[in-house]
Amino acid sequence: VQLQASGGGLVQAGGSLRLSCTASGRTLSYTKAWFRQAPGKEREFVASISWNGGTTDYADSVKGRFTISRDNAKNAVYLQMNNLKPEDTAVYYCSAGGGFGHSQRESDYNYWGQGTQVTVSS
């Protein structure tokens with residue numbers, strides 16, 4: 001399984017970006033998630049979505065601003081980010097893991113993409 005993240009970029013505070021992550025291999029039954037890592041900080045959970053999209057989970061810091069979704073026909077997961085803030089600046093990673101509905105633990109996710117940079121200017 002390989003994951004490829006895209007869609008990052010530079011945006012002003014208050015703006016929006018949509019991240020995409022496409023997978024090769026069998027990930028349709030996996031929970032998928034986005035994590036992020038800011039400079040000098042540990043990687044942190046952002047959002048997750050169950051295999052059928054029925055369960056989503058968000059970090060408190062992004063609730064109401066970010067939306068995770070998936071299209072199993074395209075083997076893809078997305079992260080719509082609205083009202084971006086400078087503190088959202090980070091490298092964003094997509095991930096996939098099986099055997100659970102949702103999790104905020106990195107160790108539960110077996111597969112990781114390469115990351116895409118999001119920079120929010122004030």
Side-chain angles (χ1 to χ4, degrees):
V1 173
Q2 291 187 331
L3 303 176
Q4 180 74 35
S6 62
L10 173 64
V11 64
Q12 288 188 333
S16 298
L17 281 175
R18 187 188 192 219
L19 304 183
S20 299
C21 176
T22 55
S24 61
R26 303 173 69 91
T27 65
L28 298 183
S29 64
Y30 287 5
T31 291
K32 293 184 176 176
W34 290 93
F35 288 76
R36 67 186 182 186
Q37 187 168 21
K41 295 186 177 181
E42 293 186 351
R43 190 155 56 183
E44 64 176 4
F45 170 80
V46 176
S48 68
I49 187 166
S50 60
W51 73 274
N52 63 354
T55 301
T56 57
D57 186 26
Y58 296 92
D60 288 343
S61 59
V62 306
K63 280 181 182 176
R65 300 187 299 121
F66 291 11
T67 303
I68 189 170
S69 62
R70 65 190 293 166
D71 184 341
N72 285 343
K74 297 182 179 180
N75 211 359
V77 62
Y78 307 100
L79 187 67
Q80 178 66 43
M81 306 185 294
N82 297 330
N83 191 21
L84 282 161
K85 303 176 181 181
E87 51 263 43
D88 294 318
T89 295
V91 177
Y92 283 71
Y93 298 89
C94 59
S95 60
F100 54 91
H102 63 91
S103 173
Q104 298 190 3
R105 292 193 300 264
E106 284 189 52
S107 59
D108 285 336
Y109 295 89
N110 308 100
Y111 305 104
W112 293 83
Q114 85 290 357
T116 184
Q117 176 71 47
V118 172
T119 303
V120 184
S121 63
S122 57

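Residue numbers run from 1 in the order of the sequence given. Keep in mind that what you see is a predicted model, and the values were worked out from it rather than measured. Hydrogens, waters and symmetry mates are skipped; everything else that's a heavy atom, side chains included, is used.
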Under a single-linkage definition using a 4.5 Å side-chain heavy-atom cutoff for Ile, Leu, Val, Met, Phe, Trp and Tyr, are F66 and I49 assigned to the same hydrophobic cluster?
yes
Output yes when D60 and K63 qualify as a salt bridge under the 4.0 Å nitrogen-oxygen rule, no when they do not.
yes
Is there a donor-acceptor contact under 3.5 Å linking the side chains of N52 and S50?
yes
Nearest heavy-atom approach of R70 to T31 is NH1-CA, 4.2 Å
Would you say the side chain of N75 lies within less than 4.5 Å of the side chain of T22, judging by non-hydrogen atoms?
no
Starting at CG of L3, measure out to CG of N110 and round the result to the nearest 0.5 Å.
10.5 Å
Would a single hydrophobic cluster contain both W34 and L84, if residues Ile, Leu, Val, Met, Phe, Trp and Tyr are joined by side-chain heavy-atom contacts under 4.5 Å?
yes
Could you tell me whether the side chain of R43 and the main chain of V91 form a donor-acceptor pair under 3.5 Å?
no
Find out whether Y109 and F35 are in side-chain contact, i.e. whether some heavy atom of one side chain is under 4.5 Å from a heavy atom of the other.
yes
Could you check whether any side-chain heavy atom of S16 comes within less than 4.5 Å of a side-chain heavy atom of Q80, counting everything from C-beta outward?
yes
Non-hydrogen side-chain atoms of M81 and R65 separated by less than 4.5 Å:
no
Inter-residue atom distance Q37.CD - E106.CD, 0.5 Å rounding
8.0 Å
